[in-house]
Amino acid sequence: KNQVEQSPQSLIILEGKNCTLQCNYTVSPFSNLRWYKQDTGRGPVSLTIMTFSENTKSNGRYTATLDADTKQSSLHITASQLSDSASYICVVSARGGYNKLIFGAGTRLAVHP
Amino acid sequence: NAGVTQTPKFQVLKTGQSMTLQCAQDMNHNSMYWYRQDPGMGLRLIYYSASEGTTDKGEVPNGYNVSRLNKREFSLRLESAAPSQTSVYFCASNRLGREGSTDTQYFGPGTRLTVL
């Protein structure tokens, strides 16, 4: 069964600190992996998209890594800001005739001053 | 450029009532999607429209119908609402929803629906 598991479920860090969020997936056949940021009460917003051949991709202070062999990805946030408080969702795209996306439940990050 | 817009933002229904959720995008995207988001779960696809004139079922289509009115608009209808349909509904779109696409999906702000 295609699944995307994220850890931790929630995380609290102090402003200025770094953190790493984890994503494990069992989606097959794999097409690409995405990270989204979802602010409370808003729709998800894309941060990165990585294909099978890409190991890392950055978007400002966000850096995503992908290990397609172990089916793991991580999202590293550097020098966190209060505005980073949000849910971060890992999404894996499966091949299947259309752009089929399997969503993780997300990690809820709170950045405190 | 408003992106993806959804109406209404909030709605409360009684069991058995019907309603239509509206979605529009102004990015000239071909593919549009309806998802629902429940607490502790990932977004689940209800229906999608790969291109104007086509619609297909997603993971959880029971109790819903859709209409791709034109390239811009994609509506979701609940014919007889049930408490199990209490959720947050998101519309999304991307340029091409074909297999293996790396196109970004853009999401609307969501509709928060409560069925009593």
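Proteins get letters first, then strands, A, B, ... in listed order; numbering begins at 1 in each.
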Practice prompt. For residues B/W34 and B/Y64, determine if any side-chain heavy atom of one lies less than 4.5 Å from a side-chain heavy atom of the other.
Written response: no
Practice prompt. Side-chain contact test, heavy atoms from C-beta onward, threshold under 4.5 Å: evaluate it for B/V4 versus B/M32 and give yes or no.
Written response: no
Under 4.5 Å, counting heavy-atom pairs only, tell me which of [options] racks up the most with chain B.
{"options": "A/T51, A/I49, A/I102", "value": "A/I49"}
{"options": "A/P44, A/G41, A/S46", "value": "A/P44"}
{"options": "A/R108, A/R42, A/Q9", "value": "A/R42"}

Worksheet entry | Toward chain B, the part of A/F30 with a non-hydrogen atom under 4.5 Å |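 Contact with chain B: none, neither part.
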Worksheet item: Side chain, backbone, both or neither: which part of A/Q6 has a heavy atom under 4.5 Å from chain B?
Response: neither
Fill in: B/R112 versus chain A, the contacting section by heavy-atom distance below 4.5 Å
side chain
Response to the item:
Honestly, the part of B/Q6 sitting under 4.5 Å from a heavy atom of chain A is neither
Practice prompt. Kindly compute the distance separating CG (B/L69) from CZ (B/F74), expressed to the nearest 0.5 Å.
Written response: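 Going from the CG atom of B/L69 to the CZ atom of B/F74 covers 9.5 Å.
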Worksheet item: If you round to the nearest 0.5 Å, how far is CG of A/N59 from NZ of A/K57?
Response: 10.0 Å
Discussion item. According to a hydrophobic-cluster definition based on side-chain heavy atoms being under 4.5 Å apart (Ile, Leu, Val, Met, Phe, Trp, Tyr only), do A/M50 and A/I89 belong together?
Written reply: no
Discussion item. Count I, L, V, M, F, W, Y as connected when their side-chain heavy atoms are under 4.5 Å apart, and connections chain through other members. Are B/Y48 and B/F90 then in the same cluster?
Written reply: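 Yes, B/Y48 and B/F90 fall within the same hydrophobic cluster.
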